[in-house]
A.B. asks: 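Just dropping this structure here.
Labels below follow one simple rule: chain letters A, B, ... track the order of the sequence lines, proteins then strands, and each chain is numbered from 1.
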Protein chains: 2
Amino acid sequence: MLTQKAKYGLKALLMLAQQGGNEFTLVAEIAERQRAPRKYLELILLELRKHGLLHSQRGKNGGFRLARPPAEITFGQIIRVLDGPLAPFPCASLTGYRKCEDCDEHVCAVRKQMRRVRDAVAGILDSTSLADAAAPALAAEVLEPALVSA
Amino acid sequence: MLTQKAKYGLKALLMLAQQGGNEFTLVAEIAERQRAPRKYLELILLELRKHGLLHSQRGKNGGFRLARPPAEITFGQIIRVLDGPLAPFPCASLTGYRKCEDCDEHVCAVRKQMRRVRDAVAGILDSTSLADAAAPALAAEVLEPALVSA
DNA sequence: GTATTACCGAGTCATTCGGTTAGGATTCTC
DNA sequence: GAGAATCCTAACCGAATGACTCGGTAATAC
């Protein structure tokens with residue numbers, strides 16, 4: 001299970017990706033449109049900025065925008081910043097590896113299965129960009145305009 | 001991320017599966033061999049029993065054993081009992097569904113991606129039984145005895 | 001009937017989650 | 001350069017959760 005924090009973060013970045021353009025958007029506006037607590041969202045965006053996923057500008061006309069094109073920001077990156085490793089257990093993680101005290105790495109069958117899970121999850125999240133997630137509505141409209149408008 | 005509880009539980013059940021036979025095994029013995037805190041493990045096994053994955057017997061020569069053959073107990077079942085739903089968010093869960101307050105189900109792109117993750121995770125964990133996880137060492141030995149003993 | 005075990009309820013202690021409060025620093029506009 | 005708008009930083013807080021422990025009760029075998 002991921003945290004509320006990750007959810008707010010994902011939704012915020014996705015919104016920035018969807019609206020396109022390179023202007024700065026206010027925290028207040030993002031918070032309102034995503035129904036997230038303003039101050040809390042601020043913290044989250046700051047954290048994402050610190051990790052290079054967002055750019056920000058202070059003062060009047062300030063705000064946040066994506067630091068890179070939406071196609072180059074993945075769900076995996078965002079979630080790792082906000083919630084930590086994807087793997088079910090630390091001993092099955094690549095980015096946040098920590099060995100278990102209570103079993104032998106090379107034998108532990110539980111770990112083996114959890115590694116499979118990690119690979120599957122990372123396979124999806126690291127190959128899904130904001131652009132990918134934002135696209136389907138548009139893509140569908142191009143392919144099947146009737147269906148979408150119906 | 002799963003909890004320590006789930007890890008202890010998985011390892012305990014896997015041990016019971018691996019040692020085969022239908023005798024009862026003491027909590028104390030499982031705890032020692034898995035390096036789990038005895039009293040805590042007791043709690044965990046009780047919970048698994050309450051959900052029909054284990055049988056127990058009190059008094060002398062008592063203990064725990066699997067309630068069903070290892071091939072009929074999956075990682076998914078165990079984890080759901082001990083840690084709850086597999087999905088990253090409740091709104092993406094089948095077994096523990098709860099709608100989000102803060103977005104529209106049918107549009108939310110984050111939810112769509114999380115549903116993919118859930119499906120992938122459930123696909124693995126619900127189709128991996130204790131027998132599957134216990135088997136590979138044996139299977140490998142049958143297929144490539146030289147490799148394993150080497 | 002006594003030793004052995006699983007069972008049960010409650011309690012503890014540290015950490016994390018989900019925020020809020022209070023203010024400081026920067027930038028724009030006039 | 002004054003003032004407003006905005007991000008930024010740090011500290012704090014209550015409630016929940018995680019990871020256990022303690023002390024006792026009930027069933028079973030011998």
A.B. asks: Could you check whether Tyr8(A) gets within reach of a base, just the sugar-phosphate, or nothing at all, counting any heavy atom under 4.0 Å?
C.D. replies: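 Sugar-phosphate only.
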A.B. asks: Taking atom P of dA19(D) as reference, at what distance in whole Å does atom CD of Glu42(B) sit?
C.D. replies: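 Going from CD in Glu42(B) over to P in dA19(D) covers 18 Å.
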A.B. asks: Is it the case that more than 12 heavy atoms not belonging to Glu72(A) sit under 6.0 Å from its CD atom?
C.D. replies: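 Yes, because the 6.0 Å sphere around CD of Glu72(A) holds more than 12 heavy atoms from other groups.
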A.B. asks: Mark yes when over 12 heavy atoms from residues, nucleotides or ligands other than Glu32(A) sit less than 6.0 Å from its CD; otherwise mark no.
C.D. replies: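 No - once you tally the heavy atoms of other residues, nucleotides and ligands closer than 6.0 Å, there are 12 at most.
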A.B. asks: Looking at Tyr40(B), is Lys5(B) sitting on its ring face, NZ or CZ under 6.0 Å from the six-membered ring centre and within 45 degrees of the normal?
C.D. replies: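 Verdict for Tyr40(B): no cation-pi partner in Lys5(B).
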A.B. asks: Over how many whole Å does the gap from Leu82(A) atom CG to dG18(C) atom P extend?
C.D. replies: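 It is 12 Å, rounded to the nearest whole Å.
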A.B. asks: Output the rounded distance in Å from OH (Tyr40(B)) to P (dG11(C)).
C.D. replies: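 Atom-to-atom, Tyr40(B) to dG11(C), this comes out as 19 Å.
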A.B. asks: Expressed in angstrom and rounded to an integer, what is the separation of Glu47(A) atom CD from dC17(C) atom C1'?
C.D. replies: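 In whole Å, dC17(C) C1' lies 13 Å from Glu47(A) CD.
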A.B. asks: Taking atom types as they are modelled, is there a donor-acceptor pair under 3.5 Å from the base of dC7(D) to the side chain of Gln57(A)?
C.D. replies: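 Checked by distance alone, the answer is no.
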A.B. asks: Quickly work out the Phe64(B) CZ to dT5(C) C1' distance and round it to whole Å.
C.D. replies: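 In whole Å, dT5(C) C1' and Phe64(B) CZ are 10 Å from each other.
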A.B. asks: Between atom CD1 in Ile30(B) and atom P in dA6(C), what is the gap in whole Å?
C.D. replies: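 That distance rounds to 8 Å.
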A.B. asks: Taking only the side-chain heavy atoms of Arg49(B) (C-beta and beyond), determine which of dC7(C), dA6(C), dT29(C) contains the nearest atom.
C.D. replies: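 Side chain of Arg49(B) sits closest to dC7(C).
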A.B. asks: Does the side chain of Thr3(B) get closer than 4.0 angstrom to OP1 or OP2 of dT17(D) through an N or O atom?
C.D. replies: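 Answer no for this pair, as no side-chain N or O of Thr3(B) is under 4.0 Å from OP1 or OP2.
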A.B. asks: Decide yes or no, distance alone: a donor-acceptor N/O pair under 3.5 angstrom between the base of dG23(D) and the side-chain of Lys39(B).
C.D. replies: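 Flag set: donor-acceptor pair detected.
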A.B. asks: Atom CZ of Arg65(A) and atom CG of Asn22(A): how far apart are they, to the nearest 0.5 Å?
C.D. replies: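 That separation rounds to 5.0 Å.
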A.B. asks: Ignoring hydrogens and angles, are the base of dC20(D) and the side chain of Gln4(B) linked by a donor-acceptor pair under 3.5 Å?
C.D. replies: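 Counting by modelled atom types and ignoring angles, no donor-acceptor contact under 3.5 Å is found here.
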A.B. asks: Below 4.0 angstrom from OP1 or OP2 of dA3(C), is there any side-chain N or O of Arg58(B)?
C.D. replies: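 It does not, given that no N or O in the side chain of Arg58(B) lies less than 4.0 Å from OP1 or OP2 of dA3(C).
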A.B. asks: Would you mind reading off the distance between Leu46(A) atom CG and dA10(D) atom C1', rounded to a whole angstrom?
C.D. replies: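 About 12 Å, once rounded to whole Å.
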A.B. asks: Select base, sugar-phosphate, or nothing to describe what Leu45(A) touches, counting heavy atoms under 4.0 Å on all strands.
C.D. replies: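 The residue Leu45(A) makes no contact with any strand.
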A.B. asks: Would you mind reading off the distance between Glu29(B) atom CD and dT4(C) atom P, rounded to a whole angstrom?
C.D. replies: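 Interatomic distance, CD of Glu29(B) to P of dT4(C): 16 Å.
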A.B. asks: Do the charged groups of Asp104(A) and Lys99(A) touch, with an N to O distance under 4.0 Å?
C.D. replies: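 Answer for the salt bridge query: no.
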A.B. asks: Reckon Arg38(A) has a side-chain N or O less than 4.0 Å from the OP1 or OP2 of dC7(D)?
C.D. replies: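 Answer yes for this pair, as a side-chain N or O of Arg38(A) is under 4.0 Å from OP1 or OP2.
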A.B. asks: Using only side-chain N and O atoms of Asn61(B), determine if any of them is under 4.0 Å from OP1 or OP2 of dC30(D).
C.D. replies: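 It does, given that an N or O in the side chain of Asn61(B) lies less than 4.0 Å from OP1 or OP2 of dC30(D).
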A.B. asks: Would you indicate what Leu43(A) reaches in the nucleic acid, counting non-hydrogen atoms under 4.0 angstrom: base, sugar-phosphate, or nothing?
C.D. replies: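 The residue Leu43(A) makes base contact.
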